[in-house]
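Please read the structure below before turning to the comments.
Residue numbers count from 1 along this sequence. Counting convention: from 1, in listed order, for ligands and their atoms alike. Values in this document were obtained by computation on a predicted structure and should not be read as measured data.
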Amino acid sequence: MCCVFSCRHYVSSSVRKTMHRVLKYQWGNPSSGYQKGKAAFQIVEHAREQVAKSIHAHSHEIYFSGCATESNNAVLKTLSNHFYPKKKKIISTPIEHPSVMNTLEFLETQGIIVQYCPVDHFGFVSIKELEKLMDDDTFLICCILANNEIGTIQNIHEISELAKAHSILVMSDCVQAFGKITIDVKEMGVDYATFSAHKLYGPKGIGALYAKISSPLAPFIHGGHQEEGMRAGTESVHNIAGFGKASQEVSKLISYSNEIRRLKEQFIKQLSDVKPDIIINSPSENCLSNTISVTLPNINSRELMMMLDYYGISVSSGSACSTQQNKPSHVLKAIGLSDKAAAETIRISLGKDTKEEDIRYTVRIIEKYLKSNAD
Ligand code: PLP
């Protein structure tokens with residue numbers, strides 16, 4: 001049994017083939033005028049069209065970046081620069097990814113005012129509270145589409161409608177949602193959206209930024225003319241081609257959702273049979289089909305995680321991005337968990353290759369751990 005629950009992080013074979021072909025034959029620099037360069041340029045532009053199509057955008061609204069963290073930094077910092085000191089305020093949520101949270105924290109040291117809209121115990125943003133926070137000083141609302149720890153999907157369309165009425169721009173971190181639910185940036189009404197290839201069986205180290213035509217954007221890496229002068233530096237052509245290929249397969253990935261959701265429900269049922277007092281922190285509706293955050297009262301989630309890892313099952317305690325830190329997850333805290341409950345919580349992510357036997361196997365290992373813990 002290999003990597004039962006982390007299979008969504010591998011690179012799919014079609015993406016691998018595309019990247020291999022580019023690395024072997026299309027090694028030109030897209031900025032060069034000779035044939036190999038022109039061919040590489042075409043590959044980058046083709047991938048841009050593939051990514052744009054998968055989110056219902058125009059290709060000239062897509063900028064490739066090194067990762068979604070870079071895209072999030074780019075929007076938050078260039079907009080702050082653009083508006084400050086005329087307007088000073090950003091409204092966000094307390095359940096953003098660290099690539100947003102820590103950037104906002106930095107911006108506060110530069111004079112930006114950040115206000116966080118409260119969320120309920122499943123992480124849903126309170127629209128009423130959000131509207132109360134909007135004022136003439138606000139230039140941006142930044143709200144994650146689907147949370148990476150609990151899977152909660154926000155109604156970004158509703159948020160954008162309100163924001164528009166107050167002439168406020170909207171950005172949404174769509175990293176976790178991409179490849180799991182349909183993303184239509186026009187329907188969502190956002191001005192900016194950020195993406196990463198590695199959440200949809202693409203390569204790591206390549207991200208994208210959607211910026212609606214005519215919305216403010218300034219160069220976020222200065223240098224050459226690449227990416228319309230916004231993100232200078234020779235393009236990572238093979239990674240971009242891999243991202244394009246991965247995004248071409250988005251509809252196929254989304255078609256696995258029902259089966260993944262069925263397996264998730266099976267997991268919850270089987271787990272509650274062996275430990276009836278579990279608490280599911282993920283909402284049952286408006287939630288990513290593959291994500292489950294579960295609290296196992298009186299169980300040390302780090303120890304359980306290590307045991308599961310020993311048996312080839314990769315799960316996270318809190319956010320994967322914060323596993324090096326022993327702090328309770330800010331997301332779990334924001335939805336009202338105590339430090340103790342947060343330390344008893346694991347996050348499980350199913351992938352398109354997860355099978356019923358993987359679910360049974362995982363629950364068996366958890367049961368084994370519970371029994372050894374009870375001795
Ligand atoms: N946003 C969310 C919601 C994420 O889950 C992640 C990474 O897991 C990121 C942003 C950062 O993406 P990247 O690793 O491409 O910088």
Using the six-membered ring of Tyr361, assess whether NZ or CZ of Lys355 lies under 6.0 Å from its centre and within 45 degrees of the ring axis. no
Note: His198, heavy atoms under 4.0 Å from ligand 1, region reported as side chain
Under a 4.0 Å heavy-atom limit, does Thr194 contact ligand 1 with its side chain, its backbone, both, or neither? neither
Any heavy atom of Asp173 under 4.0 Å from ligand 1? The part involved is side chain
Please say whether Ser196 places an N or O atom under 3.5 Å from an N or O atom belonging to ligand 1. yes
Are any of the N/O atoms on Gln176, whether in the backbone or the side chain, positioned under 3.5 angstrom from an N/O atom of ligand 1? yes
Return a yes/no value for Ile144: is any of its N or O atoms, backbone included, closer than 3.5 angstrom to an N or O of ligand 1? no
How are the rings of Phe83 and Phe139 set relative to one another: parallel (under 30°), tilted (30 to 60°) or perpendicular (over 60°)? parallel
Partner residues of Glu356 under the side-chain contact (heavy atoms from CB on, under 4.5 Å) criterion, sequence neighbours left out: Arg262, Leu263, Gln266, Arg360
Is the ring centre of Tyr10 less than 6.0 Å from the ring centre of Tyr201? yes
Number the atoms of ligand 1 from 1 as they appear, then name those within less than 4.0 Å of a heavy atom of Ser99, with their elements. 10 (C)
Would you kindly specify which portion of Lys199 sits under 4.0 Å from ligand 1, judged on non-hydrogen atoms: side chain, backbone, both or neither? side chain
Test salt bridge (Lys or Arg N to Asp or Glu O under 4.0 Å) applied to Lys186 and Glu61, step by step: CA-CA 12 Å; Lys186 303 296 173 193; Glu61 295 173 312; 2.8 Å; yes
Under 3.5 Å between some N or O of ligand 1 and some N or O of Glu70? no
Which atoms of ligand 1 sit under 4.0 Å from any heavy atom of Asn148? 3 (C), 5 (O)
Should the heavy atoms of other residues, nucleotides or ligands under 6.0 Å from CD of Glu187 be counted, would the total exceed 12? yes
Do any pairs count as a side chain to side chain donor-acceptor pair (under 3.5 Å) and have a residue in residues 276-285, sequence neighbours left out, and if so which ones? Lys275-Asp277, Asn281-Ser293, Asn281-Thr295
Using 30° and 60° as the class limits, which term best fits the ring planes of His58 and His60: parallel, tilted or perpendicular? parallel
Out of all atoms in ligand 1, which are within 4.0 Å of some heavy atom of Thr69? Include the element for each. 11 (C), 13 (P), 16 (O)
